[in-house]
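Okay, structure first, notes after.
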Amino acid sequence: MAADTTQQTLPADPMADLAPRDVQLQAARLVHEAFAAALRLSADGEGKQLEDALARLASHLREWSRMATTEAAHLRMALLLSGLDQWGLAYSKAFGAATLAGLSAILADLRDSMDLAEEGACQHFLDALHADETAALEFKIAFRRELHLSLWHTMIAAENREQAEVLLKLLGGMLLALNRAMPNLGWRLVADASASIQIRCLQHGLAASGLEQEMTENLFAGLQAELPEAERELVNQLAAEAVSAWQEARRSTQH
């Protein structure tokens with residue numbers, strides 16, 4: 001279970017009519033699952049068998065995107081492409097582009113399947129996602145939560161300090177860059193990451209000692225030092241509220 005900092009009132013989403021909250025959350029989940037599957041398939045398979053498996057995965061994503069009206073389908077595809085691109089960018093910085101051959105094949109398959117009109121409509125939504133912080137905000141929060149948690153888990157599972165510090169720098173830099181790229185709402189996504197990590201630690205006894213604890217503490221200390229004061233206070237307040245709400249819910253289920 002991760003934090004859910006989206007229960008507080010969010011700004012109106014101009015894409016909510018075409019992609020309601022449940023669709024946005026489903027898109028974020030599909031992006032995460034597809035990325036993980038692409039990595040696994042690339043590590044375990046090769047040749048025609050690998051190509052066929054990646055093609056089936058791309059087809060599954062394409063079919064889901066088309067389970068909607070034409071305009072909504074273009075938005076769904078934009079969400080998938082945007083999310084997969086950002087997962088790939090983050091992991092390529094950590095592990096190199098060579099590890100992402102499967103993801104690249106899926107993205108190419110999805111893009112190549114569109115005609116010029118579809119590509120133009122999809123690009124329109126991609127541009128809007130980038131330009132408007134409130135556009136598909138539920139999706140942005142949800143897929144970023146999984147991305148940040150994945151990088152954190154990889155960091156605390158690192159085999160040595162050097163590898164852990166590379167991931168620490170990457171994750172911390174991503175969170176700070178996110179706050180700059182989304183000057184009005186980025187703090188919500190940073191707070192969500194902070195709360196989600198804290199909850200994982202409490203829930204599973206993670207990062208309680210050794211290098212795991214040191215890297216996690218360094219991540220939080222870096223955010224406290226580098227975030228502007230106003231955003232830092234908002235992040236701390238929202239993260240604390242989310243962790244407290246999780247603890248209260250957990251206590252209520254144990255009685």
Side-chain angles (χ1 to χ4, degrees), residues 1-38 56-90 103 106-150 174 177-179 181-193 195-196 238 242:
M1 179 178 179
D4 189 352
T5 62
T6 65
Q7 295 308 306
Q8 297 195 9
T9 304
L10 293 176
D13 178 357
M15 294 182 174
D17 288 342
L18 289 175
R21 182 175 190 266
D22 63 325
V23 171
Q24 293 188 30
L25 297 182
Q26 189 175 14
R29 185 171 63 253
L30 286 171
V31 164
H32 182 202
E33 292 171 351
F35 179 80
R56 286 194 296 272
L57 187 50
S59 178
H60 172 65
L61 295 174
R62 187 162 42 247
E63 287 173 8
W64 176 80
S65 74
R66 291 173 175 171
M67 294 170 58
T69 63
T70 301
E71 189 177 14
H74 295 149
L75 173 53
R76 287 188 178 200
M77 180 58 73
L79 294 176
L80 295 176
L81 292 176
S82 173
L84 289 171
D85 271 334
Q86 290 183 65
W87 271 87
L89 179 61
L103 176 66
I106 291 171
L107 285 168
D109 190 323
L110 294 175
R111 291 188 170 108
D112 290 346
S113 67
M114 293 186 284
D115 60 29
L116 286 176
E118 291 170 329
E119 187 176 351
C122 184
Q123 187 60 50
H124 165 76
F125 283 120
L126 285 169
D127 292 341
L129 285 170
H130 179 74
D132 187 346
E133 293 184 44
T134 63
L137 184 57
E138 297 273 15
F139 167 76
K140 291 173 181 175
I141 292 173
F143 102 79
R144 278 285 189 163
R145 176 188 304 144
E146 295 305 324
L147 175 54
H148 297 147
L149 277 172
S150 179
M174 282 177 58
L178 185 58
N179 189 63
M182 299 176 66
N184 297 313
L185 297 172
W187 64 271
R188 284 184 177 271
L189 282 71
V190 177
D192 191 276
S196 297
L238 187 56

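What you are looking at is a predicted structure, and each value in this text was computed from that prediction instead of being measured.
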Next item on the list: To the nearest 0.5 Å, tell me how far E71 CD sits from D17 CG.
Entry: 10.0 Å
Check: What is the minimum heavy-atom distance between A68 and A73, and which atoms define it?
Finding: CB-N, 4.0 Å
Notebook entry, point to check: Should T69 and L75 count as side-chain neighbours, where that means a heavy-atom distance under 4.5 Å?
Noted result: no
Checklist line | Atom pair NE2/CG of H60 and L30 - distance to nearest 0.5 Å | finding: 5.0 Å
Check: Which of these, R21, R145, R188, R29, sits in a salt bridge (charged side-chain N to carboxylate O under 4.0 Å, His left out) with E138?
Finding: R21
Item checked: Atom pair CZ/CH2 of R144 and W87 - distance to nearest 0.5 Å -> 10.5 Å
Check: Looking only at heavy atoms, which two atoms of A38 and I106 are closest? And how far apart?
Finding: CB-CD1, 3.8 Å
Checklist line | Shortest non-hydrogen separation from V31 to L79 and the atoms involved | finding: CG2-O, 4.2 Å
Notebook entry, point to check: Which value, rounded to the nearest 0.5 Å, describes the distance between L147 atom CG and L178 atom CG?
Noted result: 9.5 Å
Next item on the list: Answer yes or no: is there an ion pair linking K140 with D132, defined by an N-O contact shorter than 4.0 Å?
Entry: no
Notebook entry, point to check: From L89 CG over to L84 CG, what is the distance, rounded to the nearest 0.5 angstrom?
Noted result: 12.5 Å
Next item on the list: Search all heavy atoms of F125 against all heavy atoms of A78 and return the closest pair with its distance.
Entry: CB-CB, 3.6 Å
Checklist line | Pair Q123, D127: side-chain N/O donor-acceptor within cut-off below 3.5 Å | finding: yes
Check: If you measure from the Lys or Arg side-chain nitrogens to the Asp or Glu carboxylate oxygens, is any gap between D109 and R62 under 4.0 Å?
Finding: yes
Margin query: A side-chain contact here means heavy atoms from C-beta on lying under 4.5 Å apart; do S196 and H148 qualify?
Written below: no
Notebook entry, point to check: Shortest non-hydrogen contact from S65 to L80?
Noted result: CB-CD1, 4.3 Å
Checklist line | Sub-4.5 Å side-chain heavy-atom contact between F143 and Q86 | finding: yes
Next item on the list: Ignoring hydrogens and angles, tell me if any N or O in the side chain of E146 forms a donor-acceptor pair with the backbone of H32 under 3.5 Å.
Entry: no
Note to self: Donor-acceptor pair, distance only, cut-off 3.5 Å: does the side chain of N179 make one with the backbone of G186?
What the structure shows: no
Notebook entry, point to check: Taking the side chain as C-beta and beyond, is there a heavy-atom pair between L238 and W187 under 4.5 Å?
Noted result: yes
Next item on the list: Heavy atoms only: give me the nearest E118-S113 pair and the separation to one decimal.
Entry: OE1-O, 3.9 Å
Next item on the list: Could you check if a side-chain atom of L129 sits within less than 4.5 angstrom of a side-chain atom of M15, using non-hydrogen atoms only?
Entry: yes
Checklist line | Approximate separation, where rounding is to 0.5 Å, of M77 CE and L61 CG | finding: 7.5 Å
Note to self: Counting C-beta onward and ignoring hydrogens, is there a side-chain heavy-atom pair between W64 and V23 closer than 4.5 Å?
What the structure shows: yes
